[in-house]
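We count ligands from 1, going down the list as the structure has it; atoms in each ligand are counted the same way. Heavy-atom basis, side chains included; hydrogens, waters and symmetry copies ignored.
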Amino acid sequence: MKISKRFANVGDSSTLKITSLAKNMKSKNIDVAILAAGEPDFDTPDDIKKKAIEAIKEGFTGYTPVRGTNELLELVCEKFKIDNNIEYKPENIIVSTGAKQSIYNILQALCDEDTEVILLAPYWVSYIEMVKMTGATPVVVDTSLDDFRINIERIKGSINKRTRMIIINSPNNPTGIVYTEKELRELSDLIVENNIYCISDEIYEKIIYTPNKHYSIASFNERIKDLTFTVNGLSKTYAMTGWRIGYVGGEKKLIEKALMVQTHSTSCTSSISQKAAVAALKLDNNIVIRMTDEFKKRREFLMKKIERIDGLKYVSPQGAFYLFVDFRNFLGKKFKTSEDICTKLLEDYKVAVIPGGAFGAEGFVRISYAASMHEIEKGIDRIEKFLKENI
Ligand SMILES: Cc1ncc(COP(=O)(O)O)c(C=O)c1O
């Protein structure tokens with residue numbers, strides 16, 4: 001078998017793999033508690049669906065400009081101005097097939113084989129594989145040593161002349177950590193001093209629990225704005241994972257290069273989804289607030305349940321919909337890795353959760369609370385049973 005060197009050691013997505021295994025079990029009527037998914041369990045709001053149906057009926061079904069329709073680009077700029085205090089024009093934006101593609105386009109356009117990209121572990125599973133796909137080398141800075149927060153000295157120590165970029169994600173998947181303004185300002189200074197690029201993945205921006213506040217690094221000054229690619233999308237905020245709409249804002253000439261990646265790979269994203277996205281961005285915030293309130297209730301419920309289990313610790317989430325639980329006390333001869341634990345949990349206890357190793361944090365397990373209270377309760381009871389019977 002001959003395969004490209006760049007793809008030789010690219011791994012699968014554990015999140016997608018476990019979720020699809022669990023869904024498959026469910027379709028065979030096996031009672032699995034699925035606490036693995038990275039998607040809201042709510043349905044897309046009706047107003048958004050209606051616009052998509054209208055688009056189909058009106059025959060809005062052809063290619064659009066690769067970077068997106070004008071009306072959507074204008075709305076994305078308005079959103080960046082109002083929510084993030086960043087001034088972008090349509091020429092600074094590309095709408096893509098999910099935030100995942102936005103990140104991929106930027107990495108492909110800007111990274112080479114002799115470059116390095118800094119990732120802060122735990123990181124979203126796809127960053128590391130996407131970096132490998134460019135031929136660049138991922139350089140991992142472990143934030144678990146600093147309560148999952150930004151340690152400027154540690155990041156500084158990993159910068160050298162090959163460093164092309166750093167990827168940050170706040171609110172974070174899998175920890176739920178939200179970076180403070182101070183942390184981000186310090187990081188912004190470091191990025192500017194070293195003249196490297198930054199991808200700021202802000203996809204969970206609106207799923208945030210008071211008193212935490214979201215800050216966009218690109219909003220601090222013109223210099224950091226030109227070096228940063230602000231990524232966002234509709235998947236999490238509007239329960240639109242399957243519609244595949246993400247977008248990125250950045251410096252015009254660099255964005256042009258990223259646009260070429262999209263032009264020659266997928267062209268525009270779905271015209272129908274773009275119409276739906278216009279409706280989503282025009283919705284008032286109440287829908288998102290209601291969804292976040294529901295996540296908040298589940299978050300508290302889940303934290304209380306986990307606290308009752310001896311030996312488990314967790315990172316208190318400030319945003320997103322995941323609880324990152326420390327299982328290191330239970331690693332040993334029987335279960336060497338968090339993957340061993342998650343495999344046993346799925347096969348014998350019928351609960352689907354994601355091993356921390358996939359996020360660069362061995363010994364942890366990510367529990368998603370984008371699931372009903374009933375499902376959460378069932379899942380945690382099974383985890384408790386697993387610990388009693390196996391440890
Ligand atoms: C941190 C992070 N970034 C990006 C994405 C991708 O989102 P999209 O559905 O817009 O491609 C996800 C999805 O799980 C995510 O967790």
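Using a 4.0 Å cut-off between heavy atoms, R244 contacts ligand 1 through its side chain alone, with no backbone atom that close. At a heavy-atom distance under 4.0 Å, only side-chain atoms of S235, from C-beta outward, approach ligand 1. Contacts with ligand 1 closer than 4.0 Å are made by side-chain heavy atoms of K236 only, the backbone lying farther away.
Residue Q101 has no N or O atom closer than 3.5 Å to an N or O atom of ligand 1.
Residue-ligand proximity, Y204 to ligand 1, at heavy-atom distances under 4.0 Å covers atoms 1 (C), 14 (O), 15 (C), 16 (O). Proximity to N169 (heavy-atom distance under 4.0 Å) selects the following atoms of ligand 1: 1 (C). Short contacts between ligand 1 and D201, defined as distances under 4.0 Å to a heavy atom of the residue, involve ligand atoms 1 (C), 2 (C), 3 (N), 4 (C).
Of the protein's non-hydrogen atoms, W124 CH2, 3.6 Å is the one closest to atom 6 (C) of ligand 1. Scanning the protein for heavy atoms near atom 10 (O) of ligand 1, the closest one is A99 N, 2.7 Å.
Under the rule for a side-chain hydrogen bond (donor to acceptor under 3.5 Å, both in side chains), the partners of D43 that lie at least two apart in sequence or sit in another chain are K49. Applying the side-chain hydrogen bond (donor to acceptor under 3.5 Å, both in side chains) rule to Y369 yields the partners Y209; only residues at least two apart in sequence or on another chain are considered.
Residue E300 qualifies as enclosed at atom CD: its count of foreign heavy atoms under 6.0 Å is above 12. Environment of CG in N221: crowded, with over 12 heavy atoms of neighbouring residues, nucleotides or ligands closer than 6.0 Å. Environment of CD in E339: sparse, with no more than 12 heavy atoms of neighbouring residues, nucleotides or ligands closer than 6.0 Å. Applying the 6.0 Å contact sphere to NZ of K51 captures no more than 12 heavy atoms from other residues, nucleotides or ligands.
At distances below 3.5 Å, not a single donor-acceptor pair connects side-chain atoms of S216 with backbone N or O atoms of S219.
Under the 6.0 Å distance and 45° angle rule, R185 counts as a cation-pi partner of F220.
Contact annotation: G246 has no heavy atom less than 4.0 Å from any atom of ligand 1. Within the structure, ligand 1 has I203 among the residues with a heavy atom less than 4.0 angstrom away.
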